[in-house]
Number of protein chains: 2
Amino acid sequence: MNDRKNNTTGLPVPTIRRLPLYLSFLKSNKNKKRAFISAPEIARELHIDSTQITKDFSFINVSGKTKVGYKTSDIIKIIEKFLGYHEPKKAFLVGLGNLGMALIKYNAFSKEGLKITIAFDIDTEKAGIEINNIKVFNINEFEENFSKAPVEIGIITVPSDHAQKVADLMIKCGIKAIWNFSATPISVPDNIIVENTSIDSGLAMITWKLNKNKPLIYKNRIL
Amino acid sequence: MNDRKNNTTGLPVPTIRRLPLYLSFLKSNKNKKRAFISAPEIARELHIDSTQITKDFSFINVSGKTKVGYKTSDIIKIIEKFLGYHEPKKAFLVGLGNLGMALIKYNAFSKEGLKITIAFDIDTEKAGIEINNIKVFNINEFEENFSKAPVEIGIITVPSDHAQKVADLMIKCGIKAIWNFSATPISVPDNIIVENTSIDSGLAMITWKLNKNKPLIYKNRIL
DNA sequence: TAGATTGTTAATCGATTAACAATC
DNA sequence: TAGATTGTTAATCGATTAACAATC
């Protein structure tokens, strides 16, 4: 939410968020075997303005050939480099509920430069098991494990009411970035990076769009 | 991505995305038992500008008392009404991988007005099972099930390469809105609502923020 | 060449933030 | 009252889109 003021580089936040989109499209079957692709072609598929694509590419120094387009492998290589796919970052995940489980089983992360090394849960029953080569410990062993093998990123997939507590623990240990999947935003010092990924905002948008055409009456006034 | 041009009502898209945030905070333990809360107080917790909060509230006709703040129960009631929490919308989910499983087990949806009625998978082994009271069918039984008990929303949690095919099927059957969790954006006719929720954009932001301070050199130029 | 596309600069648009009057 | 807060209007800021020159 607070992205704007942290952006000292002049690279627009929405551009960064679009990069994985381009990457995924260029690597998908929809595009396989195309050596070159033009911005208008991508625009047609992704429903993004073609000058915006050109602009995004120029931000990250992808350059193309007039009349021909961009070399697909170039775009892929540069975006992957930009997103650090080849420099694995380690993470601890806390909260082995449904979402936490899904994330530690999500193999795509390894290709995307994210390596979840250990998972934690408050449930002592879960301690000791191993999923997808990721060992599970009780949350009270967090600090000990962190000092043995520190990580940069902490992933929070606990229920909202416990998210802040977990964040505090992570920060105390020295984690640099927190990826918070709980519905409640967490408070952190200025030097800590936070990214909130809550699916609720997606649901809110869908509901909103669905209702847009059947106007909502509220307090005798059309909203 | 294309939200802007679809927004005919003058209510900013970021406002809609913030509503679940406010709701979650106001219902969380951080705030329990407070009858009134002021915008500056919420601002401090959520790290959002307080005038933005005031503005968001005025958009959805939440009004407060000078010097006192807003009545917590009012905000909650109005946001819930706005987000349609009390008008359940039905959905089919396609793709019972890790994420799909997590979503059908995610009980919070029922409180948020989303009811996944049936799930589908391409794997015939999964057909017949029942998870969280949601019956699982093979994907080739989609059409039949839809005509028996139609739904407004289709949720796609299949791998990227199959997302478009599933979307086409949903649209053919008459689904109005598609919530696409795959990494590749899908193409749909103008009258169909799409919301893309890809966790990759969150990861991209984290990577970006982590690397911002150690400047990336690319092509002899600082990016 | 004619036409398509890149890539940059300028204009527009929308969201956030600042300023401030009204109010309790 | 003095001070805090709402709520609106204006200014700013950033992102998108339009325009167009350059190029192949």
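Please read these numbers as outputs of a predicted model, since none were measured by experiment. Residue numbers start from 1 in every chain, and the chains themselves are labelled A, B, ... in the order their sequence lines are given, proteins ahead of strands.
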Taking protein heavy atoms under 4.0 Å as touching, what does nucleotides 18-24 of chain C look like 5' to 3' if B marks base contact, S marks sugar-phosphate-only contact and - marks none? B----BB
If you check the B:T54 side chain, which of C:dT16, C:dT8, D:dT8 turns out closest? D:dT8
A:T54: what forms a side chain to side chain donor-acceptor pair (under 3.5 Å) with it, not counting sequence neighbours? none
Sequence neighbours excluded, the answer for side chain to side chain donor-acceptor pair (under 3.5 Å) partners of B:Q164 is A:K30, B:D168
Can you find a side chain N or O atom of A:R18 that sits less than 4.0 Å from OP1 or OP2 on D:dT16? yes
Which of these passes side chain to side chain donor-acceptor pair (under 3.5 Å) with A:N180: A:T197, A:N196, A:T157? A:N196
Could you work out which one of D:dT6, D:dA15, C:dT16 sits closest to the side chain of B:P14? C:dT16
Taken to the nearest whole Å, CD1/A:I53 to P/D:dA15 is 18 Å
Electrostatic pair B:K176-B:E152, nearest N-O below 4.0 angstrom: yes
Could you tell me the separation between the CZ atom of B:F59 and the C1' atom of D:dG7, rounded to a whole number of Å? 12 Å
Where are the stems of DNA chain D, defined as at least 3 consecutive Watson-Crick or wobble G-U pairs with both distances under 3.5 Å? C:3-24 with D:3-24
Value in whole Å for how far the P atom of D:dG7 lies from CD1 of B:I42: 12 Å
So that I can tick it off, tell me whether A:K27 and A:E80 are bridged by a salt bridge, with the cut-off set at under 4.0 angstrom between side-chain N and carboxylate O. yes
Do we see a donor-acceptor contact under 3.5 Å between the side chains of A:T184 and B:S24? yes
For B:S198, the side chain to side chain donor-acceptor pair (under 3.5 Å) test, sequence neighbours excluded, returns none
Where at least one partner belongs to residues 91-110 of chain A, residue pairs that pass side-chain hydrogen bond (donor to acceptor under 3.5 Å, both in side chains), sequence neighbours excluded: A:N107-A:N132
Find which nucleotide of DNA chain D each of A:D56 and B:S50 is nearest to by heavy atoms, and output the residue with the more 5' nucleotide. B:S50
Touch class at under 4.0 angstrom, heavy-atom based, for B:Y70 against every strand present: sugar-phosphate
Is the shortest side-chain N/O distance from A:R17 to OP1 or OP2 of D:dA15 below 4.0 Å? no
